[in-house]
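Structure first, commentary second.
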Amino acid sequence: MSTVSSSAVELSSYRDQHFKGSRAEQDKLLRLSTTLYVGNLSFYTTEEQIYELFSKCGDIRRIVMGLDKYKKTPCGFCFIEYYNREDAENCLRYINGTRLDDRIVRTDWDAGFIEGRQYGRGKTGGQVRDEYRTDFDSGRGGYGKITQQRIGPMETPSYFRK
């Protein structure tokens with residue numbers, strides 16, 4: 001018995017809550033999009049490294065690095081716009097879940113980059129998830145903002161002291 005499957009990569013359940021428009025409009029844009037959101041990047045990953053990996057799936061129109069709103073430094077995500085949908089689909093198939101700079105990257109469809117979205121959405125200018133992280137993650141810049149505020153930027157938590 002054979003099964004028929006779509007060659008298109010399915011949409012995930014995630015939707016940008018800041019999208020200006022209806023859910024139906026967003027879904028339509030996602031089905032036609034050539035833009036991907038890439039998350040869980042190291043703060044030290046360069047645009048060149050991203051280009052090197054993601055260009056293996058096709059020609060890239062542009063890469064927009066996610067930046068800390070205040071410091072203008074990378075904050076762990078980017079947008080990649082391909083010239084055609086097929087290349088973006090290949091990226092989702094083959095690069096999503098792979099390792100870049102010792103981190104497992106996540107890719108998902110994006111309805112299209114709009115100026116201003118390159119800035120982290122956290123209260124301190126970085127990503128929201130990083131603000132609430134309490135563990136040490138060297139690839140994401142050290143301790144989460146909540147831990148830094150509690151113990152101060154120069155102190156080391158007691159559980160890391162010898």
Side-chain angles (χ1 to χ4, degrees), residues 1-69 71-122 125-133 135-142 144-145:
M1 181 173 155
S2 67
T3 58
V4 178
S5 65
S6 170
S7 63
V9 176
E10 297 297 320
L11 299 180
S12 73
S13 60
Y14 173 78
R15 296 294 179 271
D16 179 7
Q17 295 179 356
H18 295 277
F19 180 79
K20 308 285 190 236
S22 71
R23 173 79 182 243
E25 292 169 331
Q26 187 178 29
D27 284 352
K28 181 180 177 184
L29 287 173
L30 289 170
R31 282 190 206 90
L32 301 173
S33 181
T34 60
T35 304
L36 300 176
Y37 168 87
V38 180
N40 200 38
L41 295 172
S42 167
F43 286 14
Y44 307 104
T45 299
T46 65
E47 191 171 329
E48 290 78 17
Q49 288 173 288
I50 293 167
Y51 184 86
E52 178 70 27
L53 176 62
F54 286 85
S55 65
K56 293 182 186 311
C57 291
D59 293 331
I60 294 174
R61 179 176 292 179
R62 70 178 172 163
I63 297 173
V64 180
M65 294 296 289
L67 301 174
D68 180 291
K69 197 179 323 184
K71 296 186 248 174
K72 306 297 188 254
T73 56
C75 66
F77 71 97
C78 74
F79 297 94
I80 298 179
E81 187 178 338
Y82 285 93
Y83 282 100
N84 64 62
R85 175 78 178 194
E86 185 179 347
D87 293 344
E89 286 178 359
N90 283 333
C91 178
L92 282 171
R93 279 189 195 98
Y94 304 119
I95 294 182
N96 185 39
T98 62
R99 192 174 296 274
L100 176 62
D101 256 359
D102 287 330
R103 302 193 64 80
I104 303 297
V105 296
R106 296 178 300 109
T107 60
D108 205 349
W109 291 113
D110 189 79
F113 176 75
I114 297 170
E115 189 61 37
R117 290 190 60 216
Q118 72 268 36
Y119 300 114
R121 292 184 176 164
Q127 288 292 81
V128 174
R129 289 183 181 176
D130 285 313
E131 290 185 348
Y132 295 104
R133 185 171 38 80
D135 60 324
F136 180 79
D137 188 342
S138 60
R140 298 289 280 189
K145 300 283 186 202

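The model shown is predicted, which means the values in this text are computed figures rather than measured ones.
- Note that the CG atom of Leu29 and the CH2 atom of Trp109 stand 12.5 Å from one another [nearest 0.5 Å].
- When atom types are taken as modelled, the side chain of Thr107 and the backbone of Val38 share no donor-acceptor pair closer than 3.5 angstrom.
- Note that the CG atom of Leu100 and the CD1 atom of Ile50 stand 6.5 Å from one another [nearest 0.5 Å].
- The CZ atom of Arg117 sits 9.5 Å away from atom OH of Tyr37, with the distance rounded to the nearest 0.5 Å.
- A distance-only check finds a donor-acceptor pair linking the side chain of Thr98 to the backbone of Ile95 [under 3.5 Å].
- Between Thr45 atom OG1 and Met65 atom CE the span is 7.0 Å, to the nearest 0.5 Å.
- Asp101 contributes no side-chain N or O that, together with a main-chain N or O of Ser42, makes up a donor-acceptor pair within less than 3.5 Å.
- The side-chain heavy atoms of Ile80 and Thr35, taken from C-beta on, include no pair separated by under 4.5 Å.
- Proximity of Leu30 to Leu11: side-chain heavy atoms (C-beta onward) are separated by under 4.5 Å at one or more points.
- Applying the side chain to side chain donor-acceptor pair (under 3.5 Å) rule to pairs touching residues 52-61 yields Arg61-Glu81, sequence neighbours excluded.
- Note that CD of Glu89 and OG1 of Thr34 are 11.0 Å apart. Values are rounded to the nearest 0.5 Å.
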TODO: Evaluate the salt bridge (Lys or Arg N to Asp or Glu O under 4.0 Å) criterion for residues Asp68 and Lys72: first the C-alpha distance (whole Å), next the side-chain angles of each, then the deciding distance (0.1 Å), finally the verdict.
DONE: CA-CA 5 Å; Asp68 180 291; Lys72 306 297 188 254; over 6 Å; no
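- Under the side-chain hydrogen bond (donor to acceptor under 3.5 Å, both in side chains) criterion, Glu86 pairs with no residue at all, not counting sequence neighbours.
- Side-chain contact between Leu36 and Cys91: present, with at least one pair of heavy atoms (C-beta onward) separated by less than 4.5 Å.
- Between the side chain of Arg99 and the backbone N or O of Val105 there is no donor-acceptor pair closer than 3.5 Å.
- Scored by the ring pair (Phe, Tyr, Trp, His ring centres under 6.0 Å) test, Phe113 finds Phe79 as partners (sequence neighbours excluded).
- No side-chain N or O of Asn40 forms a donor-acceptor pair with one of Arg106 less than 3.5 Å apart.
- Ser33 and Gly112 get closest at one heavy-atom pair: OG-N, 4.4 Å.
- Here NZ of Lys20 is found 11.5 Å from CD of Gln26. Values are rounded to the nearest 0.5 Å.
- Checked by atom type, the side-chain pair Asn90/Asp87 shows no donor-acceptor distance below 3.5 Å.
- Shortest non-hydrogen contact noted between Phe77 and Cys75 is CE2-SG, 3.4 Å.
- In this structure, the side chain of Tyr82 engages the main chain of Phe54 through a donor-acceptor pair within 3.5 Å.
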